S.K.: 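Here it is: the structure, laid out below.
Here the structure is a predicted model, which is why all the values come from computation and not from measurement. Values below: every heavy atom of this structure, side chains too, minus hydrogens, waters and symmetry copies.
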Amino acid sequence: DYDLIHKLLIITKSIESLYKKMCELELNGKKNTKEYNGLITLLKETVEEENKIYSDANINEERGVGLTFYIMEQNLPENTENDVESTINQNYNVRTYRRIINNLFNIGVSDYKSAKLRNAFEKDIINGYLSFMQDFANSKSYEEKKDQFIINKYNTAFINKSIESDMLSSSFDIPKTFYVSSRLIADVYNVNLTFYKSISNDFYAKEAAKQISRLIDIFDEEYKYDDDNKLSSILRQCYLRSAFLFLDDELLTDMNDSFHEFVESDEYLDKHSNDTIGTQLVINCFKSIKKDRNKPAILSLGFRKQKN
């Protein structure tokens, strides 16, 4: 398997190099150029080569898990952030290995219905995240951070092949519309609707809770004077608002009530008695749910999501 890992590292680093060149061109206002379009074509070809390496390797679940753990042990430092946190915190140091590990994991569990649904949930929430991030990028109020949003877009696509496929089709323009792929997967596998809603709510509620916790745990001084925290707070809001898109109304109401109960508790106020920025950001996300669900980008199998 050393030869396989060597091949995967070479092809993945080639793909990463193409990503960097494309990102640099867009940052310099040269996205719609012959050079950029040539890189898109080359990237498509290189991704096909990558796919063939994985396909020819005939990786089963046991081998995929073994390779994944080997790469993690050899190349990822302890306490490495997960994909979401890595993207939000603009941590690109280990993204080559992230792409390989994600690919190996997805191949290893490709026959499991639950894994396919989870991958679809992840794709849906990332699509929403990118859509909201594009709104910030288009706003004059956040013009100084536009470059960081562009970098984040490429990094997100690089470590998520399901997103990469869509982005290649759109020449790395964030699509104006996206479909709720988890609903399609559930239909294909005849997943009971009640069960689908249950596991969907569980996934998105956990993702929302993580971002709420991180937003309210930052002190106002950090928001005001730390540019990294300012950027990550914007990206966390995008991710949180995306999670809210897919939650049932009843669960959203319960989460809102629990959130207000917690930030008004002695436990929270003892640590954050003078901090209001993070709390207000979360409140704003709750308030934007109805507006967000009417975004033209949010489609489900060709039909608009039901309004609140």
Side-chain angles (χ1 to χ4, degrees), residues 76-94 118 121-122 124-126 128-130 132-133 135-136 139 141-142 144-145 148-149 152 155-156 197-293 308:
L76 297 185
E78 291 185 15
N79 302 318
T80 298
E81 300 167 318
N82 61 29
D83 285 351
V84 173
E85 290 304 306
S86 173
T87 301
I88 287 175
N89 290 325
Q90 307 278 291
N91 179 0
Y92 311 131
N93 295 330
V94 293
R118 181 176 178 82
F121 290 147
E122 291 176 346
D124 290 340
I125 198 171
I126 293 171
Y129 163 79
L130 290 173
F132 289 124
M133 187 180 73
D135 291 343
F136 279 99
S139 170
S141 300
Y142 297 92
E144 78 282 359
K145 298 190 184 304
Q148 293 300 322
F149 294 139
N152 187 274
N155 187 54
T156 300
K197 287 183 176 179
S198 174
I199 58 175
S200 174
N201 277 328
D202 182 64
F203 176 85
Y204 294 115
K206 286 179 179 176
E207 295 302 310
K210 291 175 189 175
Q211 299 312 320
I212 290 173
S213 176
R214 286 168 172 80
L215 282 166
I216 64 175
D217 202 37
I218 298 176
F219 297 100
D220 280 11
E221 292 299 307
E222 295 176 275
Y223 275 119
K224 291 176 181 176
Y225 302 113
D226 188 325
D227 283 341
D228 289 340
N229 274 320
K230 288 179 183 178
L231 176 63
S232 66
S233 74
I234 293 171
L235 299 177
R236 291 189 190 287
Q237 291 171 72
C238 294
Y239 204 80
L240 176 58
R241 288 167 66 185
S242 182
F244 282 168
L245 289 173
F246 306 103
L247 287 170
D248 284 352
D249 294 344
E250 183 178 352
L251 183 51
L252 280 167
T253 299
D254 290 343
M255 288 192 72
N256 194 11
D257 291 343
S258 297
F259 163 72
H260 281 89
E261 183 178 332
F262 177 71
V263 296
E264 292 167 8
S265 68
D266 291 339
E267 177 187 353
Y268 181 76
L269 292 175
D270 284 346
K271 184 178 179 181
H272 294 278
S273 57
N274 297 315
D275 298 317
T276 60
I277 294 177
T279 302
Q280 189 58 53
L281 291 176
V282 175
I283 290 173
N284 292 344
C285 289
F286 275 109
K287 286 182 176 179
S288 71
I289 290 171
K290 287 186 179 180
K291 174 176 65 69
D292 289 344
R293 286 187 171 179
N308 256 4

S.K.: So, D220 side chain and T276 main chain: donor-acceptor pair closer than 3.5 Å or not?
M.R.: yes
S.K.: Between atom SG of C238 and atom CG of D135, what is the distance when rounded to the nearest 0.5 Å?
M.R.: 8.0 Å
S.K.: Do Q237 and F132 touch side chain to side chain, with heavy atoms closer than 4.5 Å?
M.R.: no
S.K.: Under 4.5 Å between any side-chain heavy atoms of D202 and F121, yes or no?
M.R.: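 No - every pair of side-chain heavy atoms lies 4.5 Å or more apart.
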S.K.: Just how far is it from atom CD of Q211 to atom OG of S242, taken to the nearest 0.5 Å?
M.R.: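 Between atom CD of Q211 and atom OG of S242 there are 10.5 Å.
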S.K.: Using atom types as modelled and distance alone, determine if a side-chain donor or acceptor of R236 lies under 3.5 Å from a backbone N or O of K210.
M.R.: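 A pair under 3.5 Å: no.
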S.K.: Could you work out, with side-chain contact (heavy atoms from CB on, under 4.5 Å) as the rule, every residue matching E122, not counting sequence neighbours?
M.R.: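 Partners of E122 under the side-chain contact (heavy atoms from CB on, under 4.5 Å) test: R118, N119, F203.
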S.K.: Please assess K271 against F219 for the test side-chain contact (heavy atoms from CB on, under 4.5 Å), listing each intermediate value before the final yes or no.
M.R.: CA-CA 9 Å; K271 184 178 179 181; F219 297 100; 3.9 Å; yes
S.K.: Flag yes if more than 12 heavy atoms outside K145 fall under 6.0 Å of its NZ atom; otherwise flag no.
M.R.: yes
S.K.: Under the rule for side-chain contact (heavy atoms from CB on, under 4.5 Å), what residues qualify as partners of N229, not counting sequence neighbours?
M.R.: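 Scan of N229 (side-chain contact (heavy atoms from CB on, under 4.5 Å), adjacent residues dropped) gives I218, E222, D226, S232.
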S.K.: Would you say that L245 contacts Y204 through its side chain, given a criterion of any heavy-atom pair below 4.5 Å between the two side chains?
M.R.: no
S.K.: Taking everything shown except D270 itself, do over 12 heavy atoms lie less than 6.0 Å from its CG?
M.R.: yes
S.K.: Using 0.5 Å steps for rounding, measure from the CG atom of N201 to the CG atom of L247.
M.R.: 5.5 Å
S.K.: What's the shortest heavy-atom distance between Y223 and L215, and which atoms?
M.R.: OH-O, 2.6 Å
S.K.: Just how far is it from atom CG of N152 to atom CD1 of I88, taken to the nearest 0.5 Å?
M.R.: 8.5 Å
S.K.: Looking at CZ of R214 and CD of E85, how far apart are the two atoms once the value is rounded to the nearest 0.5 Å?
M.R.: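 Output value for this atom pair is 4.0 Å.
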S.K.: Report the residues that fulfil side-chain contact (heavy atoms from CB on, under 4.5 Å) with K287, sequence neighbours left out, ordered by chain and then residue number.
M.R.: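 Here the qualifying residues are I283.
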S.K.: Check this for me: E261, atom CD, are more than 12 non-hydrogen atoms of other residues, nucleotides or ligands nearer than 6.0 Å?
M.R.: no
S.K.: Side-chain contact test, heavy atoms from C-beta onward, threshold under 4.5 Å: evaluate it for V84 versus Y129 and give yes or no.
M.R.: no
S.K.: Show me, pair by pair, the donor-acceptor contacts under 3.5 angstrom made by side chains of residues 251-258, not counting sequence neighbours?
M.R.:
| residue | atom | partner | partner atom | Å |
| --- | --- | --- | --- | --- |
| T253 | OG1 | D249 | O | 3.1 |
| N256 | OD1 | H260 | ND1 | 3.0 |
| S258 | OG | D254 | O | 3.0 |

S.K.: Which class fits the ring pair F136 and F149: parallel under 30°, tilted 30 to 60°, perpendicular over 60°?
M.R.: tilted
S.K.: Mind checking what makes ring pair (Phe, Tyr, Trp, His ring centres under 6.0 Å) contact with F262, not counting sequence neighbours?
M.R.: Y268
S.K.: Taking only residues two or more places apart in sequence or in another chain, which ones pass side-chain contact (heavy atoms from CB on, under 4.5 Å) with N284?
M.R.: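 For N284 the side-chain contact (heavy atoms from CB on, under 4.5 Å) partners, ignoring immediate neighbours, are Q280.
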S.K.: To the nearest 0.5 Å, how far apart are CD1 in I212 and CG in L240?
M.R.: 5.0 Å
